[in-house]
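Residue numbers start from 1 in every chain, and the chains themselves are labelled A, B, ... in the order their sequence lines are given, proteins ahead of strands.
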Amino acid sequence: DAGVIQSPRHEVTEMGQEVTLRCKPISGHNSLFWYRQTMMRGLELLIYFNNNVPIDDSGMPEDRFSAKMPNASFSTLKIQPSEPRDSAVYFCASRRSTGNTEAFFGQGTRLTVV
Amino acid sequence: GNSVTQMEGPVTLSEEAFLTINCTYTATGYPSLFWYVQYPGEGLQLLLKATKADDKGSNKGFEATYRKETTSFHLEKGSVQVSDSAVYFCALSAVMDSSYKLIFGSGTRLLVRP
C-alpha cells in the first residue's frame, strides 16, 4: 500500500489567494483526519470524517476553512482567502473506524502564505 | 473529558543514555494508547501501541507499558542513538460521542548528542 498520499508537498501562495490541499487515504480506511502543525500551537485537529461524513469540525479555525470528502478515496481542505497566519504544515491521516486502531499519516503539505 | 499530557521538551541526552518520556492520560472507558515519532520534515509514524491494561508495546528498542492504575504510558529506551533525535507524541484512542476519537499530546522533542 502506498500509504496516505497528500499533495502538494509544498505550496507558496500570496495572501488572499485560494489554496486547496488534497488527500488520498489508505484504501479500506473509513476515518480521515486533517491536522495542522505549527511551532506555536503544536498539532491541532481541524476536522474528522467517518464514512465520508464530517463528525467533528470544531477545530476548523474559521469560515475561511472548509473540508470535503466526496468519496472514500479523496478529501480536500480549502482555505479561501488565505492569510499569512495560515502558514503551517497540514497533515492528513486515515484509519479504520472499527475499534481503537492507529492512524496513518501522510507526509504533510507545507503551506507558506506571503 | 479525554486528554493526554506529556512532559515538556526538549530532552537532551548523550548517545547511549537511558531515555524516559512521561505520558499520562485521562479517559473514559478503555482507550488504546500509542506513541508516534516525527522525524524532521516528515509525517508522524506509529512507533508502538498497547490496547489494554498491562500490555507492553515495543519497537526499535523503545518500550511502553499501559498502566491503568497510574493512567500512564511512559516511553523508555535503554540506550539512545543520535538517529533517535525526533519529536515523540503520546496519543490515545477512545469512544467519545459515539465515535472513536484520536487525541494527541503536545509532543516532546528529543535531541541526542554524539
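For the set G107(B), P31(B), G43(B), the entry with the most heavy-atom pairs within less than 4.5 Å of chain A is G43(B). Of the listed residues (A91(B), S106(B), A94(B)), the one with the most heavy-atom contacts under 4.5 Å to chain A is A94(B). Of the listed residues (G108(A), G106(A), A103(A)), the one with the most heavy-atom contacts under 4.5 Å to chain B is A103(A). For chain B, the option among Q37(A), R9(A), R110(A) with the highest count of heavy-atom pairs below 4.5 Å is Q37(A).
Note: R36(A) CZ to L45(A) CG = 11.5 Å, rounded to the nearest 0.5 Å. Going from atom CZ of R96(A) over to atom CD of E102(A) covers 9.5 Å, rounded to the nearest 0.5 Å. Taken from NE2 in H74(B) to OG1 in T65(B), the straight-line distance is 10.0 Å, to the nearest 0.5 Å.
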>> Using side-chain hydrogen bond (donor to acceptor under 3.5 Å, both in side chains), reason through S32(B) and S93(B) one step at a time and then give a plain yes or no.
In response: CA-CA 5 Å; S32(B) 291; S93(B) 175; 5.8 Å; no
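Proximity to chain B (any heavy atom under 4.5 Å) is shown, for R41(A), by neither the backbone nor the side chain. Heavy-atom distances place the side chain of Q38(B), and not its backbone, under 4.5 Å from chain A. Contacts of T101(A) with chain B are made by backbone atoms alone, with heavy-atom separations under 4.5 Å and no side-chain atom involved. The part of Y30(B) that comes within reach of chain A is its backbone (N, CA, C, O), which places non-hydrogen atoms under 4.5 angstrom from that chain. Contacts of R95(A) with chain B are made by side-chain atoms alone, with heavy-atom separations under 4.5 Å and no backbone atom involved. Using a 4.5 Å cut-off between heavy atoms, L102(B) touches chain A through backbone and side chain atoms alike.
Crowding of K68(B) atom NZ: a count of heavy atoms from other residues, nucleotides or ligands under 6.0 Å exceeding 12.
Two rings, from F104(B) and F105(A), have their centers less than 6.0 Å apart.
At distances below 3.5 Å, not a single donor-acceptor pair connects side-chain atoms of T24(B) with backbone N or O atoms of T71(B).
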